[in-house]
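One structure below.
What's counted below: heavy atoms across the whole structure, side chains too, no hydrogens, waters or symmetry copies. Chain identifiers are assigned alphabetically (A, B, ...) following the order of the sequence lines, protein sequences preceding nucleic acid strands; residue numbering begins at 1 within each chain.
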Protein chains: 2
Amino acid sequence: LLCSATTRAAEKDHLLPSWNHTPARQAIIDFVAKVTDPHSPDFVPAADRIATFDNDGTLWTEHPMYTQMAFAIDRVKTLASKHPDWKDQQPYKAVLENDLQALGESGKKGLVELILASHTDITTTDFEAVVKEWFATHRHPRFDQPYTQCTYKPMVELLAYLRANGFRTFIVSGGGIEFMRPITLDCYGIPPEQVVGTTIKTRFEMQDGKPVLMRLPEINFIDDHDGKPVGINQFIGKRPIASFGNSGGDREMLQWTSAGEGLSLKMLVFHDDAKREYAYGPANGLPDTKFGAFPQDLMEEAEQSGWVVISMKDDWETIFTFEE
Amino acid sequence: LLCSATTRAAEKDHLLPSWNHTPARQAIIDFVAKVTDPHSPDFVPAADRIATFDNDGTLWTEHPMYTQMAFAIDRVKTLASKHPDWKDQQPYKAVLENDLQALGESGKKGLVELILASHTDITTTDFEAVVKEWFATHRHPRFDQPYTQCTYKPMVELLAYLRANGFRTFIVSGGGIEFMRPITLDCYGIPPEQVVGTTIKTRFEMQDGKPVLMRLPEINFIDDHDGKPVGINQFIGKRPIASFGNSGGDREMLQWTSAGEGLSLKMLVFHDDAKREYAYGPANGLPDTKFGAFPQDLMEEAEQSGWVVISMKDDWETIFTFEE
Ligand SMILES: [Ca+2]
Ligand SMILES: [Ca+2]
């Protein structure tokens, strides 16, 4: 008996090996122990063990820009020969001239236009092939690794640990659903039907007697901020008992998770490690950013609500999957 | 070896026990054998074994009217005291006076209005409770059984058989997603995130400091006809290799399934058993219907395309789950 207890303790020591032995890791292990123990007052049946994860900045790196934005920029360059007008027209001109300042000035409206121009007017099948090809041939500019290797090893371990404990794991991201789905099974062990994200409208039509789905230049649903609980309800139909994010866009998802009846776990990744990854806030005086801002009032809400803030610097022994 | 082959044959005899030993049952068993045998040229990895099922008329009975319509009528009657104007206003007047002819005359527009009036202006959590309560307290008018027992036993067996062979099974229904989700796990073994259906818009808001999702009186997405492939792509993100329906509304889903690369199975339930259930077409000269019509040109497309038509009368030994 003593021996078995010792073995279990040793096993526990080896859980989540890329996490330092800090309170963040302990919060995860304690939560999982409580909700999976049938004798615990906090027990949750496996059918209700839903965990939702933001993607950019929570599961993989989002700097120097969102990966999907890097894709959109490359794709606009690829498509430019078919659109001669783009060279004089913003935001395309900025992309073609690598003018990041003009691109930033085009704002959210410019970004949406770039996404639509680069992600639509193509069948879903062809778009999937384009995305796969891009991931196979492009690397992160700083880490010089495939983007699919720039995932956070501690979070990939956490996903697997939750699934091993009967959880179903979902991505709930502001990113485009069909940009993520081609890679989430390999990257995270998450199949396409467990990816919730921003969608554009599609239309069923016959081309040469074969049915296709055409991607239309129209946003269908934005899965960010208050869209995250809406997306969770629409796609999953069950409230999560654990959710994980890293920015203001995840606030409502964590609030929605908190409002459930039983015990729940809410965590936010805080990027405070400029040396190994990036450091940005503006919370806690870190530099502000256009990609995944963590505002000070989110930090305060986290403290008041018992949401666990993960310090990348202190809580993670290893950062990236490619470091293996 | 001989002994083991005999055992296997005996086991095969007992598969899908509510199905008669006809070509329809054999088509299922042959298909599953081919796609699950790693040495077969038609082998499909488990990750790609997606099966989609229409609900009304495919998994449970849809006559004398869609179950959701029976719910909407009851709910309009319950809510009528709060809406005194309804007693002079169609289609509510027809509902309150049990005037089925006037109700029919209000057409699709009237039906949508009834659905919106009876399904919205309520939080998602409260609506789920209303649906559960209704199912617990109402019975099918002809069979005098809970609606949740008026599922087709052969199809429930088929769902389980596919899952036992590594398939993931999804509902893809024109019905309301939040009308089905409270019961699909018990009825079919299908969790809420594997239910695709028609959705109405919801809005995240704070009520007394607690986040809720309000159901708004606005259709978000109609999961029928060409909406089925669109919904499959949006929710599942993978093309099914098997799909099952019973009416014109399933045509595009079956076409979409057929257009995949490998072997696929497409089946349509044909209601030709007035004695044990209902008989309606208008295909093959059976009476036309407002609920789940199977037009003659769908019968012809099925024949030309190799879609298997299931004769309820000839192919099913047992019809209903409640017959156990
Ligand atoms: Ca994020
Ligand atoms: Ca149907």
Side-chain angles (χ1 to χ4, degrees), chain A residues 46-48 50 123-125 128 168 170 177-178 180-182 184-186 191-197 199-207 209-216 220-221 225-239 251-261, chain B residues 46-48 50 123-125 128 168 170 177-178 180-182 184-186 191-197 199-207 209-216 220-221 225-239 251-261:
Chain A
D48 297 333
I50 303 285
T123 68
T124 51
T125 308
E128 184 182 343
R168 308 207 291 296
F170 291 80
I177 201 166
E178 292 185 83
M180 296 181 280
R181 279 175 166 165
T184 55
L185 190 62
D186 283 350
E193 72 267 23
Q194 291 177 351
V195 179
V196 182
T199 54
I200 56 106
K201 286 202 189 289
T202 63
R203 184 177 58 219
F204 179 85
E205 60 184 52
M206 288 289 173
Q207 285 184 1
K210 246 196 122 165
V212 299
L213 288 170
M214 279 303 291
R215 294 172 57 82
L216 308 180
N220 180 56
F221 172 65
H225 292 281
D226 54 355
K228 289 204 174 192
V230 168
I232 287 170
N233 179 65
Q234 186 173 317
F235 281 76
I236 309 177
K238 232 179 198 340
R239 192 193 301 260
R251 189 193 303 260
E252 291 84 353
M253 176 167 77
L254 270 60
Q255 290 172 340
W256 182 242
T257 304
S258 294
E261 276 178 17
Chain B
D48 297 334
I50 303 283
T123 69
T124 51
T125 307
E128 184 181 345
R168 307 208 290 298
F170 291 80
I177 201 166
E178 292 186 83
M180 298 181 280
R181 279 174 168 166
T184 55
L185 190 61
D186 284 349
E193 72 267 24
Q194 290 176 353
V195 179
V196 181
T199 55
I200 56 108
K201 286 203 190 287
T202 63
R203 184 177 58 219
F204 179 84
E205 60 184 52
M206 288 289 174
Q207 287 184 0
K210 242 195 125 161
V212 298
L213 288 171
M214 281 301 292
R215 293 171 58 80
L216 308 180
N220 180 58
F221 172 65
H225 291 280
D226 53 356
K228 289 204 175 194
V230 169
I232 286 170
N233 180 63
Q234 187 174 316
F235 281 76
I236 309 177
K238 231 177 199 341
R239 194 192 302 259
R251 189 194 303 259
E252 291 84 353
M253 175 168 77
L254 270 59
Q255 289 172 340
W256 182 243
T257 305
S258 293
E261 276 180 17

Test Arg239(B) against Thr125(A) for side chain to side chain contact (heavy atoms under 4.5 Å, CB included), laying out the working first. CA-CA 10 Å; Arg239(B) 194 192 302 259; Thr125(A) 308; 3.9 Å; yes
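- Taking Gln194(A), Lys210(A), Lys238(A), Gln234(A) one by one and counting their heavy-atom pairs under 4.5 Å with chain B, the maximum is reached by Gln234(A).
- Interface remark: Phe221(B) contributes no atoms to any contact with chain A (heavy atom separation under 4.5 Å).
- When heavy atoms are compared at a cutoff of 4.5 Å, Thr199(A) approaches chain B solely by way of its side chain, counted from C-beta outward.
- Looking at Ser258(B), there are no atoms closer than 4.5 Å to chain A (heavy atoms on both sides), in backbone or side chain.
- The pair Glu193(B)-Arg168(A) meets the salt-bridge criterion, since a charged nitrogen lies less than 4.0 angstrom from a carboxylate oxygen.
- Atom CD of Glu261(B) is surrounded by 12 or fewer heavy atoms from other residues, nucleotides or ligands within 6.0 Å.
- Taking each heavy atom of Gly237(B) and Pro192(A) in turn, the nearest pair found is O-CB, 4.0 Å.
- The shortest side-chain heavy-atom distance between Lys201(A) and Val230(B) does not fall under the 4.5 Å cut-off.
- Side-chain contact between Glu178(A) and Asn233(B) is present, with heavy atoms from C-beta onward closer than 4.5 Å.
- The greatest number of non-hydrogen atom pairs below 4.5 Å with chain A, out of Met206(B), His225(B), Arg181(B), is found for Arg181(B).
- Val212(B) touches chain A through its backbone: at least one of N, CA, C or O sits under 4.5 Å from a heavy atom, while the side chain does not.
- With a threshold of 4.5 angstrom between heavy atoms, Ile177(A) approaches chain B through side-chain atoms but not through N, CA, C or O.
- Phe204(B) pairs in a side-chain contact (heavy atoms from CB on, under 4.5 Å) with only one of the listed residues (Lys228(A), Met253(A), Gln255(A)), which is Gln255(A).
- The parts of Leu213(B) that come within reach of chain A are both its backbone and its side chain, each placing non-hydrogen atoms under 4.5 angstrom from that chain.
- In this structure, chain A has a heavy atom under 4.5 Å from the side chain of Thr124(B), while its backbone stays farther away.
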